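Take a look at the structure below.
Note that the structure is predicted; figures quoted are calculated from it, not measured.
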Amino acid sequence: MNSDSDLQIAGDILDVPHLLQAPCEHPSTVAEFVGLARSIAADRAQWAHLVRYDATTRWYHRLRTGPGYEVWLLSWVPGQGSGPHDHGPSSGVLTVLDGELTERTERATRALGAGAQRVFAPGYAHEVVNDTLEPAVSLHVYFPGLTEMPMHPWPSAVEAHTAAQCAGAFPDPAGAAGA
């Protein structure tokens with residue numbers, strides 16, 4: 001079992017497919033929210049035409065609301081990231097629809113390809129970044145609906161890369177190091 005999992009008591013529901021439930025009209029359990037995310041992900045006609053890519057800011061669109069939850073669609077161009085944050089009192093399900101994203105916490109880094117899902121509890125702090133050269137799209141289900149997204153002080157991936165480059169950990173891309 002992953003020591004960074006939010007679901008330590010019962011394990012990670014995503015590792016036990018037979019426990020996943022079909023989507024219902026008014027989801028109320030973690031398994032039902034995971035099922036909702038999977039059903040939306042599988043129905044590209046519901047979301048693909050809405051996706052926009054914006055190099056200046058992260059693009060997002062509220063796809064659906066229901067009793068006690070919201071569903072958001074986000075796009076990520078290469079290099080875009082969320083910065084370290086949590087979701088306040090909301091739990092959530094993150095599903096990668098297209099491309100690849102990287103999730104970082106203070107304890108782990110995970111590459112998340114299309115179809116990957118992460119379930120998290122209130123207060124779970126992470127950063128999501130597109131570290132690839134291709135755009136990515138993700139779906140986020142928050143329950144209750146997202147009311148806050150407090151940022152965290154640990155260095156973001158972009159800040160860590162910049163600090164390492166300044167310290168000489170990465171070669172100067174222009175080849176001018178030491179000149």
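Using a cut-off of 4.0 Å between Lys/Arg side-chain N and Asp/Glu carboxylate O, R38 and D43 are scored as not salt-bridged. Contact check on E103 versus R118 returns a salt bridge, with a Lys/Arg side-chain nitrogen under 4.0 Å from an Asp/Glu carboxylate oxygen.
Counting heavy atoms from C-beta outward, V77 and D54 have side chains that stay 4.5 Å or more apart. Here the side chains of H61 and L63 are in contact, with some heavy-atom distance below 4.5 Å. Within the 4.5 Å cutoff, the side chain of R58 has heavy atoms near those of the W76 side chain.
Side-chain atoms of T95 never come within 3.5 Å of backbone atoms of Q117 as a donor-acceptor pair (strictly under, hydrogens ignored). In this structure, S90 contributes its side chain and G145 its backbone to a donor-acceptor pair below 3.5 Å. Under the 3.5 Å distance criterion, the side-chain polar atoms of T102 are left unmatched by any main-chain donor or acceptor of D131. Judged by distance alone, with hydrogens and angles left aside, the side-chain atoms of Q80 form a donor-acceptor pair with the main-chain N or O of T57 at under 3.5 Å.
Residues H85 and H126 bring their aromatic ring centres within 6.0 Å. Centroid-to-centroid, the aromatic rings of Y69 and F33 come within less than 6.0 Å.
Once rounded to the nearest 0.5 Å, the distance linking CG of L139 with CG of D98 reads 11.5 Å. Taken to the nearest 0.5 Å, the CD atom of E148 stands 11.0 Å off from the NE2 atom of H87. With rounding to the nearest 0.5 angstrom, the CG atom of L112 is 11.5 Å from the CG atom of N130. L94 CG to L101 CG: the interatomic distance, rounded to the nearest 0.5 Å, is 7.0 Å. The CZ atom of R52 sits 7.0 Å away from the CH2 atom of W59 when rounded to the nearest 0.5 Å. In this structure, NE2 on H140 lies 7.5 Å from CZ on F120, to the nearest 0.5 angstrom.
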Would R64 and I40 count as a side chain to side chain contact (heavy atoms under 4.5 Å, CB included) if you check the C-alpha gap in whole Å, the side-chain angles of each, and the deciding distance to 0.1 Å? CA-CA 10 Å; R64 181 186 300 180; I40 294 170; 3.9 Å; yes
Side chain to side chain contact (heavy atoms under 4.5 Å, CB included) evaluation trace for Y142 with V71: CA-CA 7 Å; Y142 298 109; V71 180; over 6 Å; no
Apply side chain to side chain contact (heavy atoms under 4.5 Å, CB included) to the pair L74 and V137, showing each step before the final yes or no. CA-CA 6 Å; L74 283 76; V137 180; over 6 Å; no
Might you work through the side chain to side chain contact (heavy atoms under 4.5 Å, CB included) test for L146 and E70, ending with a clear yes or no? CA-CA 7 Å; L146 194 61; E70 296 178 320; 3.7 Å; yes
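A37 and V141 make their closest contact through CB-CG2, 4.0 Å (heavy atoms, listed as atom of the first residue, atom of the second, distance). Across P122 and P89, no two heavy atoms sit closer than the pair CG-O, 3.5 Å. When all heavy atoms are compared, the tightest approach of G99 to V96 is O-CG1, 3.6 Å. Residues A121 and S91 come closest through the heavy atom pair CA-OG, 3.8 Å. Among all heavy-atom pairs drawn from A41 and W47, the shortest one is O-NE1, 3.5 Å.
Placement of Y124 and M151 in two distinct hydrophobic clusters is found when ILVMFWY residues are connected by side-chain heavy-atom separations under 4.5 Å, directly or transitively. Y60 and M149 fall into different hydrophobic clusters, where Ile, Leu, Val, Met, Phe, Trp and Tyr side chains are chained together by heavy-atom contacts under 4.5 Å.
With hydrogens and angles left out, the side-chain atoms of E100 and T132 include no donor and acceptor closer than 3.5 Å. Remark: the S28 side chain and the H26 side chain contain no N/O donor-acceptor pair separated by less than 3.5 Å.
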